[in-house]
Amino acid sequence: MGIKKIELNAVRNNVNGFMEFIESYLETLPIDPQIIPSIMISCEEIIVNVVNYAYQNKEGNLSIEIETTSKEIKIVFSDSGIPFNPLEIKEVDTSLPLQEREIGGLGIHMVKKLMDDVKYEYK
């Protein structure tokens with residue numbers, strides 16, 4: 001079906017631009033509109049993490065490429081910031097009360113639960 005791509009500075013002011021790009025493209029696809037919120041939540045989590053942590057007060061870009069086929073939507077986030085594989089962090093124990101949980105990790109936990117497949121690659 002196609003590939004769409006956006007690349008912007010990885011700064012807070014561009015989060016909405018990334019999100020609007022993704023949502024407007026998803027809305028053109030012949031998919032169940034009820035899956036769009038799950039995709040958007042997952043994308044926002046990844047975008048915000050790149051913006052907040054990848055460049056450590058330096059400037060850098062975030063590229064998002066959406067590749068679609070009749071069977072799959074693949075979204076690739078690329079940056080040249082600090083390497084960090086969120087899939088290697090310890091699983092969040094959601095059975096614990098909030099006050100007993102460690103800080104962090106809930107966002108990637110949510111992404112892994114909402115998406116069919118999540119991968120990390122460092123080049």
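- Residues V11 and I82 do not share a hydrophobic cluster, defined by chaining ILVMFWY side chains whose heavy atoms lie under 4.5 Å apart.
- Counting only heavy atoms from C-beta outward, the side chains of N61 and L8 never approach each other to under 4.5 Å.
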**OP:** Would you please test I66 and K5 for side chain to side chain contact (heavy atoms under 4.5 Å, CB included) and show each step?
**Re:** CA-CA 6 Å; I66 306 172; K5 185 174 181 175; over 6 Å; no
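- Annotation: Q34, atom CD; neighbour count of heavy atoms from other residues, nucleotides and ligands within 6.0 Å does not exceed 12.
- A donor-acceptor pair under 3.5 Å links the side-chain atoms of Y120 to the main chain of F84, judged by distance alone.
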**OP:** With side chain to side chain contact (heavy atoms under 4.5 Å, CB included) as the test, would you mind laying out the steps for I73 and I39 before giving the verdict?
**Re:** CA-CA 10 Å; I73 299 169; I39 296 171; 4.2 Å; yes
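- By the 4.5 Å heavy-atom criterion applied to side chains, F77 and L62 are counted as neighbours.
- Nearest heavy-atom pair across R12 and V51 is N-CG1, 3.5 Å.
- Y53 and V118 are assigned to two separate hydrophobic clusters, defined by single-linkage of ILVMFWY side chains at heavy-atom distances under 4.5 Å.
- Going from atom CE of M40 over to atom CD of E20 covers 9.0 Å, rounded to the nearest 0.5 Å.
- Using a distance-only test at 3.5 Å, with no hydrogens or angles considered, a donor-acceptor pair links the side chain of Y55 to the main chain of S80.
- When side chains are defined from C-beta on, E23 counts as touching E27, because their heavy atoms get closer than 4.5 Å.
- To the nearest 0.5 Å, atoms CZ (F18) and CD (E7) are separated by 8.0 Å.
- Side-chain contact check for V76 versus I64: every heavy-atom pair is 4.5 Å or farther apart.
- In this structure, CD1 on I41 lies 8.5 Å from CE on M115, to the nearest 0.5 angstrom.
- Remark: S24 OG to K4 NZ distance equals 9.0 Å, nearest 0.5 Å.
- For the residue pair G17 and I6, the shortest heavy atom distance occurs at O-CD1, 4.1 Å.
- Put simply, the side chain of D79 gets close to the backbone of G81: a donor and an acceptor are under 3.5 Å apart.
- Rounded to the nearest 0.5 Å, atoms CG (N49) and CD1 (I108) are 7.5 Å apart.
- Between I75 and C43 the shortest heavy-atom distance is CD1-SG, 3.7 Å.
- Between atom CD of residue E44 and atom CE of residue M110 there is a gap of 8.5 Å, rounded to the nearest 0.5 Å.
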